[in-house]
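The structure appears right after this line, and notes come after that.
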Amino acid sequence: MSCVRVATWNVNSVKQRVARLLPWLDQRQPDVVCLQETKLTDSAFTELLGGELAGRGYAMALHGEVQWNGVAILSRVGLDDVVTGVVGAPGFPLPEARAVAATCGGIRVHSLYVPNGRTPGSDHYAYKLDWLAALRDVLAAGPEVAIACGDLNIAPTDADVFDPDAYIGQTHVTPPERAALAELTALGMRDVVRDRWPDRRVFTYWDYRAGMFHKDLGMRIDLVLASGPVAERVRAAWVDRQARKGTGPSDHAPVIVDLDEAPDGDIGPVVPPPSAPAAKRGSTKLPQSS
DNA sequence: ATGTCATCCTCCGGATGA
């Protein structure tokens, strides 16, 4: 029985993360990968990883810039109708590389890097809220079979931060940010990890400083929001904490979601034809850590 | 601990972003 594995990962510089990203792809075998904070131009990304990814069967949709931001979608189940950016979104002051969308295996996939907001009340905070409003309009106008993945830079509830008191006066937890996120879920987009683990302490980001990961003092700000028809197909949804361990990790962990085949079979062939065999899920060059 | 890690450049130490 085939399924589609979708993942999202803020890699905090793909150039600095090659030694983690490629083994992770081989180990976890995602079919669709949304990346954020690639921090590379499209040409530099292609030069760095184009060959390695093509060799693993991935097509790429890239939207990067020289220094900051940058998003991508990797897919080995098709990659069509690529759109970069969010129509109507503001810049700061110029447009930033924070969104790319593509249709992969019959699903409209969005890789998102929402502005941080820096300080409540700041210009950047207003930018974050305006950007989210534009995103809402794009999702509202888009296909019904959709999944919006990425670093939303919002902790949906107080259960999504290690200590609500530690975040008083900080971004990521303020009512206007949570209201902006609620406008996305009001479109019918489900937070599939929280749906799966309603009572679990689950984070996706831990500050590099002060041993925050070791102490599990983090936040859940990397989300997978799935429209109803996709949410119904979710068979697994989890945070890959292994990828946050060891040498040279990102400060974010990947989120991985497995989807059952679409009931009417409209997702296309997810098993390549015999002429183009791909690695079987679970076969890995790396030891599978526990 | 203003704690770390990433980016850039009046370019190897400091400013900035997260």
Side-chain angles (χ1 to χ4, degrees), chain A residues 8-22 24 34-45 47-49 62-72 89-99 111-132 135 149-156 160-163 165-174 176-178 180-181 203-223 239 241-255:
Chain A
T8 183
W9 193 5
N10 179 324
V11 292
N12 186 17
S13 172
V14 76
K15 188 188 286 185
Q16 298 302 322
R17 220 58 63 206
V18 171
R20 299 298 301 256
L21 176 61
L22 293 176
W24 177 81
C34 296
L35 299 175
Q36 300 87 35
E37 287 207 80
T38 57
K39 299 185 179 178
L40 282 178
T41 62
D42 296 350
S43 58
F45 190 116
E47 189 171 344
L48 180 69
L49 281 180
L62 306 177
H63 185 38
E65 55 190 70
V66 171
Q67 181 175 4
W68 302 116
N69 310 309
V71 287
F92 194 77
L94 300 175
E96 298 181 311
R98 295 181 175 276
S111 179
L112 306 170
Y113 177 48
V114 174
N116 173 285
R118 297 182 187 166
T119 305
S122 66
D123 289 349
H124 206 262
Y125 182 80
Y127 168 50
K128 179 180 195 172
L129 297 177
D130 291 345
W131 196 94
L132 285 162
L135 173 64
C149 308
D151 180 355
L152 277 289
N153 266 322
I154 301 169
D160 298 305
V161 299
F162 74 89
D163 178 7
D165 290 342
Y167 289 94
I168 291 173
Q170 307 281 115
T171 54
H172 297 66
V173 301
T174 65
E177 292 168 278
R178 287 177 171 168
L181 178 60
F203 301 136
T204 65
Y205 161 84
W206 301 260
D207 198 294
Y208 282 122
R209 290 170 285 192
M212 297 287 271
F213 178 72
H214 181 70
K215 293 181 271 191
D216 197 24
L217 304 180
M219 314 175 76
R220 193 173 69 91
I221 56 177
D222 299 87
L223 307 179
V239 175
R241 296 181 83 259
Q242 294 294 328
R244 182 62 176 79
K245 300 180 180 178
T247 305
S250 170
D251 43 359
H252 296 250
V255 181

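Worth saying up front: this structure is predicted, and the values here are computed from it rather than measured. Convention: sequence-line order gives letters A, B, ...; per-chain numbering from 1.
Residue Asn116(A) contributes atom CG, which lies 13 Å from atom C1' of dT16(B) at whole-angstrom precision. dA6(B) atom P lies 13 Å from atom OH of Tyr205(A), rounded to whole Å. Rounded to an integer number of Å, the gap from Asp222(A) CG to dA18(B) P is 15 Å. Spacing between atom OH of Tyr208(A) and atom P of dT2(B) amounts to 20 Å, rounded to whole angstrom units. One interatomic measurement links the two molecules: CZ of Arg244(A) to P of dC5(B), which rounds to 9 Å at whole-angstrom precision. Distance CD (Glu96(A)) to C1' (dA18(B)): 13 Å, rounded to an integer number of Å.
One C1' atom belongs to dT10(B), the other to dT4(B), and the distance between them is 26 Å to the nearest Å. Here the separation of dT7(B) from dA1(B), taken at their C1' atoms, is 24 Å to the nearest Å. With P as the reference atom, dG3(B) and dG14(B) are 14 Å apart, rounded to whole Å. Comparing dT16(B) with dT2(B), their C1' atoms sit 14 Å apart, to the nearest whole Å. One C1' atom belongs to dA15(B), the other to dC11(B), and the distance between them is 13 Å to the nearest Å.
For the residue pair Asn153(A) and His172(A), the shortest heavy atom distance occurs at OD1-NE2, 2.8 Å.
In this structure, Arg241(A) pairs ionically with Asp216(A), as a charged nitrogen and a carboxylate oxygen lie closer than 4.0 Å.
Checking dG3(B), dA6(B), dA18(B) against every side-chain atom of Trp68(A), the shortest atom distance belongs to dA6(B). Nearest nucleotide to the side chain of Gln67(A), out of dC5(B), dT7(B), dA18(B): dT7(B).
Residue Ser13(A) places at least one side-chain N or O under 4.0 Å from the OP1 or OP2 atom of dT7(B). Remark: Arg209(A) is not in phosphate contact with dT2(B), judged by side-chain N or O atoms under 4.0 Å from OP1 or OP2.
The side-chain hydrogen bond (donor to acceptor under 3.5 Å, both in side chains) with Tyr125(A) is formed by just one residue from the set Thr174(A), Asn116(A), Asp130(A); it is Thr174(A).
At least one side-chain heavy atom of Leu135(A) sits less than 4.5 Å from a side-chain heavy atom of Leu112(A).
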- Show your working on side chain to side chain contact (heavy atoms under 4.5 Å, CB included) between Phe92(A) and His124(A) and close with a plain yes or no. CA-CA 7 Å; Phe92(A) 194 77; His124(A) 206 262; 3.4 Å; yes
